[in-house]
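Here is the structure we will look at.
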Number of protein chains: 2
Amino acid sequence: MKKSLTPSLLLDEQLCFALYAASRRMTAAYRPLLDALELTYPQYLVMLVLWERDGLTVSELGERLQLDSGTLTPLLKRLQQAGLVGRRRRQSDEREVEISLTETGSKLRERAAEVPRCLAEKLCMSVDAFTHLRDELKKLATQLASPTDPTSH
Amino acid sequence: MKKSLTPSLLLDEQLCFALYAASRRMTAAYRPLLDALELTYPQYLVMLVLWERDGLTVSELGERLQLDSGTLTPLLKRLQQAGLVGRRRRQSDEREVEISLTETGSKLRERAAEVPRCLAEKLCMSVDAFTHLRDELKKLATQLASPTDPTSH
DNA sequence: GAAAATTATATTGTGCACAATTAAATTTGA
DNA sequence: TCAAATTTAATTGTGCACAATATAATTTTC
């Protein structure tokens, strides 16, 4: 069984494309469920973070989700427009903008609780396979995030 | 060792977020390499397809990459602007637009050959691990693409 | 305590993604 | 044959991503 050591340019052999395609499929699978909550997928992720810990700043949210202010600022303004979050400058440091759940935003969590359940059903995966794949992806992301280290060969 | 059977809303437990974050990291890892070729990541994917088989229509490219014409049309116009591809209506069916590599586009393949090599180096993964993760992601995408089947429980 | 450096968010611009609609060419079928 | 249905791209509009820059507040340093 030959294993190529010279990485090819064939689309179907690329890890990057499998990842890219799977990620878009995942977002598409969430879409009908999130439509019911009137959330986009990235907005849903922001809400997940806030449901865990309310009152984070924009940069704290960005650190958690690995998104910058150019993405988050307009997204958060849309969530504010939708009445799900409030935004106000911190007294202690006026540069920071604190994002807080409104009562509506807080209550949305109950309706969101079934979203992961619906997805899990669609996945038809064992808990072990789910956990393993998730952790492999986390390792991959960590590896990709590390600056190229020329000492490692 | 307890394994939760009730899917949680915690960000770090989500497969979807691990996938989303890893995919963006992967694109970010390609960016410096593709900048040298003056290609974006989706443009690179289109080139991979064309290097395998030239003269595909827009919809054939879309089928391969799972992208629609709203994404591909402007992207292909930019590749045309960059002198990498040509676009012309087919004589046999004027509805179809055939995308063909220019000589410049064709030659770019040689410079692109080192891109997967650079990435492979950064990944620090065995060929087996690489192949396994890639195939797991393909299976995941397939599973997510299937219409929800209520008979499956 | 004021200038310089740093930090945090916002703004601008480009390029995807994708839904929805439109337009044009081709195929089908009564 | 010719009207209806289908197919294929293109267009339009919204919402991310992210680089680059701007703006404003705070901290540091002298």
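The sequence lines fix the lettering, A, B, ..., with proteins before strands; numbering per chain opens at 1.
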With sequence neighbours excluded, tell me which residues meet side-chain hydrogen bond (donor to acceptor under 3.5 Å, both in side chains) with B:Gln14. none
Taking only residues two or more places apart in sequence, or in another chain, which ones meet A:Asp93 in a side-chain hydrogen bond (donor to acceptor under 3.5 Å, both in side chains)? A:Arg95
Could you give the side-chain donor-acceptor pairs of residues 70-83 of chain A under 3.5 Å, partners two or more places apart or in another chain?
| unit_1 | atom_1 | unit_2 | atom_2 | d |
| --- | --- | --- | --- | --- |
| A:Thr71 | OG1 | A:Asp68 | OD1 | 3.4 |
| A:Thr73 | OG1 | A:Ser69 | O | 3.0 |
| A:Gln80 | OE1 | A:Arg87 | NH1 | 3.4 |

Using atom [atom1] of [X] as one end and atom [atom2] of [N] as the other, report the distance to the nearest whole Å.
X       : N      : atom1 : atom2 : result
A:Ile99 : C:dT9  : CD1   : C1'   : 10 Å
A:Gln43 : D:dT14 : CD    : C1'   : 11 Å
B:Glu96 : D:dT6  : CD    : P     : 18 Å
A:Tyr44 : D:dC16 : OH    : C1'   : 18 Å
B:Leu45 : C:dC16 : CG    : P     : 10 Å

Please pick, from D:dC16, C:dC16, C:dA10, the nucleotide with the shortest atom-to-atom distance to any side-chain atom of B:Pro42.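 In terms of side-chain proximity for B:Pro42, the closest of D:dC16, C:dC16, C:dA10 is C:dC16.
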Of residues 54-86 of chain B, the positions that come close to DNA chain D - non-hydrogen atoms, cut-off under 4.0 Å: B:Thr57, B:Val58, B:Ser59, B:Ser69, B:Gly70, B:Thr73, B:Lys77
Listed in order of residue number, which residues of residues 17-35 of chain B have a non-hydrogen atom at under 4.0 Å from DNA chain D? B:Tyr20, B:Arg24, B:Arg31
Between the protein and nucleotides 21-27 of chain C, list every N/O to N/O distance that falls short of 3.5 Å.
| unit_1 | atom_1 | unit_2 | atom_2 | d |
| --- | --- | --- | --- | --- |
| C:dT26 | OP1 | B:Glu94 | N | 3.2 |

OP1 or OP2 of D:dC16 sitting under 4.0 Å from any side-chain N/O of A:Thr40?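 Yes.
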Residues in side-chain contact (heavy atoms from CB on, under 4.5 Å) contact with [X], at least two apart in sequence or another chain:
X        : result
B:Glu63  : none
B:Thr102 : B:Thr104
A:Leu33  : A:Val115, A:Cys118, A:Leu119

Take A:Glu94 and A:Arg89, measure what salt bridge (charged side-chain N to carboxylate O under 4.0 Å, His left out) needs, and give me the verdict at the end. CA-CA 5 Å; A:Glu94 292 267 345; A:Arg89 300 261 166 203; 5.5 Å; no
Which salt bridge (Lys or Arg N to Asp or Glu O under 4.0 Å) pairs, counting each pair once, include a residue from residues 18-47 of chain B, with sequence neighbours left out? none
Given DNA chain C, 5'-ward residue of the pair B:Tyr41 and A:Arg87, judged by closest heavy atom: A:Arg87
Measure the spacing between CZ of B:Arg109 and CG of B:Leu37 and express it to the nearest 0.5 Å. 13.5 Å
Which residues pass the salt bridge (Lys or Arg N to Asp or Glu O under 4.0 Å) test with B:Lys139, sequence neighbours left out? B:Glu136
Output every pair passing side-chain hydrogen bond (donor to acceptor under 3.5 Å, both in side chains) with a member in residues 46-61 of chain A, not counting sequence neighbours, ordered by first then second residue. A:Glu52-A:Arg64, A:Thr57-A:Ser59, A:Thr57-A:Glu60
